[in-house]
**Q** 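Take a look at the following structure, please.
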Amino acid sequence: MSSVIDWEATSNPVKENRAGNIGKAVDRYEGPLKVTGTAPYAYEIEPPSPPAYGVMLSAPIAKGRITAIDTAAAEASPGVQLVWTYRNAPAQGPRPERYDFFTPSPRPALESDLVHFFGQQVAIVVADTLENATAAAALVNLSFEDDAKSVIFHDHYDEGVQPPGESDTEIGDFAAAFAAAPVKIDEVWRTPLQNHCQMEPCATTAWWDGDHLTVHTSVQMVRFAQNSLAETLMLPHKNVRLLTRYVGGGFGGKGSFYEDLVLASLASRELGRPVKVAFSRQQMMHGTVHRPATELHVRLGATPDGHLTAMSLMTTTHCDRRGNFTEHASNFARNLYAAPNRLTGHRLVRLDLPVASAMRAPGEASGTLSLEVAMDELAEKLGMDPVELRILNEPETDPETGKPFSIRQLVRCMREGAQMFGWTNRNPTPGQVRDGRWRVGLGMAAAIRGNFLLPAKASFTVDAEGVITVKQGMTDIGTGTYTVLAQIAAETLGVPLGDVRVEIGDSELPPAPGSGGQFGAATAGSAALDAGMNLRTAIAEIAVADPASPLFGGPSQDITFQDGVIAIANRSERLCDLIRRNRPEGLTAEGEVRPAADAAKWSSHTYGAHFVEVAVDTVTGEARTRRMLGVFAAGRILNRKTARSQLTGGMIWGVGSALTEGNSVDPRYGSLINQDLAGYLVPVQADIGEVEAIMLDEVDDKANPMGIKGVGELGISGAGAAVANAIYNACGVRVRDYPITPDKLLAAMAAKGL
């Protein structure tokens, strides 16, 4: 697993957890800075000299070209320092014909007269103040020629093609098995386009020192953004330093970067002064990425006793004209339930819409809204309990590959969750439980999310005061990276948490892949553990070789680290005393992690089970969650407070996916109807009843040196389906077109005479 340490032969302090730092519900490392408003986000960074301010202009058409430009009035406006369109923007690296948001490549801004989607940035005004830039931007006069466009997803389902490089996955003979199945489900679910809605908009502060650029920006992937920006500006990568110390929410939407980063950098070079550029909330809705809509076709075939004989989930989704991003909403179904005959795959429709890309739990968040409801419908047809149907179809090995699971506790999640929630009190007949004019129902769903480990590095330094400094080019997007790295360092080096300093979010630090995909904690943490173990070894070797140390001449492998003291049996000294004598300038060790050579032989996932109580108002059609319980198995938990926050946050997001969240496209302009947080509905505190997340004890020793996994995306996977199933149990109607809004529920109940 590591290039340095043989984990089988070496004591692992994280596993031993003598000080109890691992798993402890520690407050956030950076929490005091954030709650006091002293943690500077990208736009709030104080540059070395007074900055100028940029305001971007967005295209009002979905497809076409710019036909005329008049910037004279803007250029003459007070305080204006530059006005750029495609006509006078600096040269940049060429955009590849096809691109994705995870492979570094040039991302030029203002590159041509062509408009590819509504909200594309087509001009920028930079002035001495934000107010002057905003006023001048209103004076820029652009004319457009509007071409024929395709912007409504459901009008183009039949244009779906297999994504490049992909093929359907079929095991056995699905068509024959489904045709012969005695009990069948054959239904279609639809999920809408969704926006990320981070609290912090994308923003950049940039300045130059000669031919070296420093940028503070809001992104999830440090090295990806640094390398792509350098290629865009046609600079050596080493000439760009990118920092993203604090990120006010990412959710996948900041997995790439946008015109704010490029234009702030170019304008700063042009003007010879720092420049700040930020997206407005409306620009965030169109100019950054979104989760694409999906159509999900589920077919299940089963025997009368509930064994699945045929299973298929086929997804149609969309992306922008120049991209290849596919919402892989069928992938999770390949690993969830046993069925000998299986068919899964994806179809991609290209539209003249803003760029589609990853959004929290890409694939699972949308896909589970179909299959996990279909399993509920199948259970009803069979007269079975939904929990027991799922347990009956629990696979012994990965149902697609036959690989053994690294560890799988899905059944335990369901059984213990059912017991804690009081599932046996559920009335299986819909519409039977009333509370005044409210009808009350219970629903459940399974959760799954893949587990990943990526290459990463880290460094640990101990100084003459015994303080440990962790350095890593990782990010914290609100998930707790600062905190868990501090916990790992404290436990590994045996020092108090207060004696750990964490520096992340800087391209000059040892590289890490960043936050996203639920791989962050496992990847960054494993590299940090390796660095800590290497520093332990270096400290031990110094101690046993130092005649002034009480540990002199002892076996270095027997040295223990605890409470800032190093010891062999009853001989000990303070760590700071040893370092002060031998390395007063400090001692540094580096570490790294790479996926193990045999990692591919295991099927590795995180699992969970959601249980929800919902009440439906039969007069208004309003649906409200009263209580939610999630039980999850996600490896060794590093911090129960931050992990619970991530899981419950995902569960609440699942409520939004089921009941409120989605955006629609105006067919006239190709614009999104909801362009701010007033119109884009997400759950607020008053919408959510009791919420609890339980984490099972688990250590996945096949996953990484610490046996940990991620939790950031598991909580949302399946949560919305549990809500939908509870709604059916409450009122007896299914709505397969999300979100399940009151108008849809009232219409469905009226159609059934309820």
**Q** Minimum heavy-atom separation for Pro164 and Arg350, please, with both atom names.
**A**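 The answer is CG-NH2, 4.1 Å.
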**Q** Where the side chain of Thr475 meets the backbone of Ile477, is there a donor-acceptor pair that is under 3.5 Å apart?
**A**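 No: the side chain of Thr475 does not pair with the backbone of Ile477.
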**Q** If we only count heavy atoms from C-beta on, is the Asn239 to His212 side-chain gap below 4.5 Å?
**A**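 They are in contact (side-chain heavy atoms under 4.5 Å apart), so the answer is yes.
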**Q** Do Pro274 and Ser49 touch side chain to side chain, with heavy atoms closer than 4.5 Å?
**A**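 Result yes, sub-4.5 Å side-chain heavy-atom pair found.
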**Q** What is the minimum heavy-atom distance between Val126 and Ala267, and which atoms define it?
**A**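 What the structure gives for the nearest pair is CG2-CB, 4.1 Å.
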**Q** May I ask you to test the Thr85-Ile66 pair for a side-chain heavy-atom distance under 4.5 Å?
**A**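 Not in contact.
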**Q** Heavy atoms only: give me the nearest Ala206-Ser268 pair and the separation to one decimal.
**A**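 Ala206 and Ser268 have their closest heavy atoms at O-OG, 3.4 Å.
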**Q** When the ring centroid of His346 is compared with that of His328, is the distance short of 6.0 Å?
**A**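 Yes, the ring centres sit under 6.0 Å apart.
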**Q** With distance as the sole test, does Gln220 use its side chain to make a donor-acceptor pair with the main-chain N or O of Gly252 at under 3.5 Å?
**A**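 Yes; at least one donor-acceptor contact below 3.5 Å.
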**Q** Does Glu159 pair with Arg347 as a salt bridge, N-O distance under 4.0 Å?
**A**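 So Glu159 does not pair with Arg347 through a salt bridge.
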**Q** Between Arg449 and Lys709, is there a side-chain heavy-atom distance shorter than 4.5 Å?
**A**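 No; the side chains remain at least 4.5 Å from each other.
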**Q** Do you know which two heavy atoms are closest between Ser265 and Leu233, and how far apart they sit?
**A**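 Heavy atoms only, the tightest pair is CB-CD1, 3.9 Å.
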**Q** Using modelled atom types and a 3.5 Å cut-off, is there a donor and acceptor pairing between side-chain atoms of Lys254 and backbone atoms of Gly249?
**A**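 Yes: the side chain of Lys254 pairs with the backbone of Gly249.
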**Q** Give a yes or no on whether the ring-centroid distance for Tyr43 and Phe279 is below 6.0 angstrom.
**A**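 No, the ring of Tyr43 stays outside the 6.0 Å limit from the ring of Phe279, centre to centre.
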**Q** Checking side-chain contact (heavy atoms from CB on, under 4.5 Å) between Ile61 and each of Phe118, Phe144, Tyr669, which is the one that passes?
**A**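 That would be Phe144.
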**Q** Do Glu592 side-chain atoms and Lys457 backbone N/O form a donor-acceptor pair below 3.5 Å?
**A**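 Absent.
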**Q** Under a 4.5 Å cut-off applied to non-hydrogen side-chain atoms, are Ile673 and Val665 in contact?
**A**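 Of all side-chain heavy-atom pairs linking Val665 with Ile673, none is under 4.5 Å.
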**Q** Looking at Asp676 and Arg281, is any side-chain nitrogen of the basic one under 4.0 Å from a carboxylate oxygen of the acidic one?
**A**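 No, Arg281 and Asp676 are not salt-bridged.
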**Q** Does Asp666 reach the main-chain N or O of Arg668 with its side chain, forming a donor-acceptor pair under 3.5 Å?
**A**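 Such a contact is found between Asp666 side chain and Arg668 backbone.
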**Q** Is it true that a side-chain atom of Thr38 and a backbone atom of Lys34 form a donor plus acceptor pair closer than 3.5 Å?
**A**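 Judged by distance alone, no pair lies under 3.5 Å.
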**Q** Do Glu503 and Arg501 sit within salt-bridge range, that is, some charged N less than 4.0 Å from a carboxylate O?
**A**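 So Glu503 does not pair with Arg501 through a salt bridge.
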**Q** If you measure from the Lys or Arg side-chain nitrogens to the Asp or Glu carboxylate oxygens, is any gap between Arg241 and Asp506 under 4.0 Å?
**A**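 Counted as a salt bridge, because a side-chain N and a carboxylate O are separated by less than 4.0 Å.
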**Q** I'd like to know if the side chain of Trp84 reaches the main chain of Val122, judged simply by a donor and an acceptor atom lying under 3.5 Å from each other, with no hydrogens or angles considered.
**A**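 No, the answer is negative, given that no donor and acceptor are paired below the 3.5 Å cut-off.
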**Q** Flag the pair Arg360 and Glu713 as a salt bridge only when some basic side-chain nitrogen lies within less than 4.0 angstrom of an acidic carboxylate oxygen.
**A**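 Between Glu713 and Arg360 there is no salt bridge, as every charged N stays at least 4.0 Å from the carboxylate O atoms.
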**Q** Just by distance, no angles: are the side chains of Thr315 and Thr317 close enough, under 3.5 Å, to form a donor-acceptor pair?
**A**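 Absent: no donor and acceptor within the cut-off.
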**Q** Taking the side chain as every heavy atom from C-beta outward, state whether Val222 and Ile504 have any pair of such atoms under 4.5 Å apart.
**A**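 In short, these two side chains do not touch, never coming nearer than 4.5 Å.
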**Q** Give a yes or no on whether the backbone of Leu266 and the side-chain of Glu270 come within a donor-acceptor separation of less than 3.5 Å.
**A**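 No, the answer is negative, given that no donor and acceptor are paired below the 3.5 Å cut-off.
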**Q** Suppose we call two aromatic rings close when their centres sit under 6.0 Å apart. Are His318 and His290 close by that rule?
**A**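 Centroid separation for His318 and His290: below 6.0 Å.
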**Q** So, does Thr523 use its side chain to make a donor-acceptor pair with the main chain of Leu453 at under 3.5 Å?
**A**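 No, Thr523 side chain to Leu453 backbone: no donor-acceptor pair under 3.5 Å.
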**Q** Check for a donor-acceptor pair, side chain of Thr205 on one end and backbone N or O of Ala42 on the other, with a separation under 3.5 Å.
**A**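 Side chain of Thr205 to backbone of Ala42: a pair is present.
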**Q** Please report the shortest heavy-atom distance between Thr483 and Arg28, naming the atom on each side.
**A**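 Residues Thr483 and Arg28, closest heavy atoms: OG1-CA, 3.3 Å.
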**Q** Assert yes or no for the condition that the ring centre distance of Phe251 to His196 is strictly below 6.0 Å.
**A**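 No, the ring centres sit 6.0 Å or more apart.
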**Q** Please tell me whether Tyr482 and Tyr29 form a close aromatic pair, meaning their ring centres lie under 6.0 Å apart.
**A**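 Tyr482 vs Tyr29: aromatic centres under 6.0 Å.
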**Q** Are Asp320 and Arg322 within salt-bridge range, i.e. N to O under 4.0 Å?
**A**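 So Asp320 does not pair with Arg322 through a salt bridge.
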**Q** Of all the heavy-atom pairs spanning Pro667 and Lys149, show the shortest one and how long it is.
**A**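 Nearest pair, atom of Pro667 first, then Lys149: O-CE, 3.6 Å.
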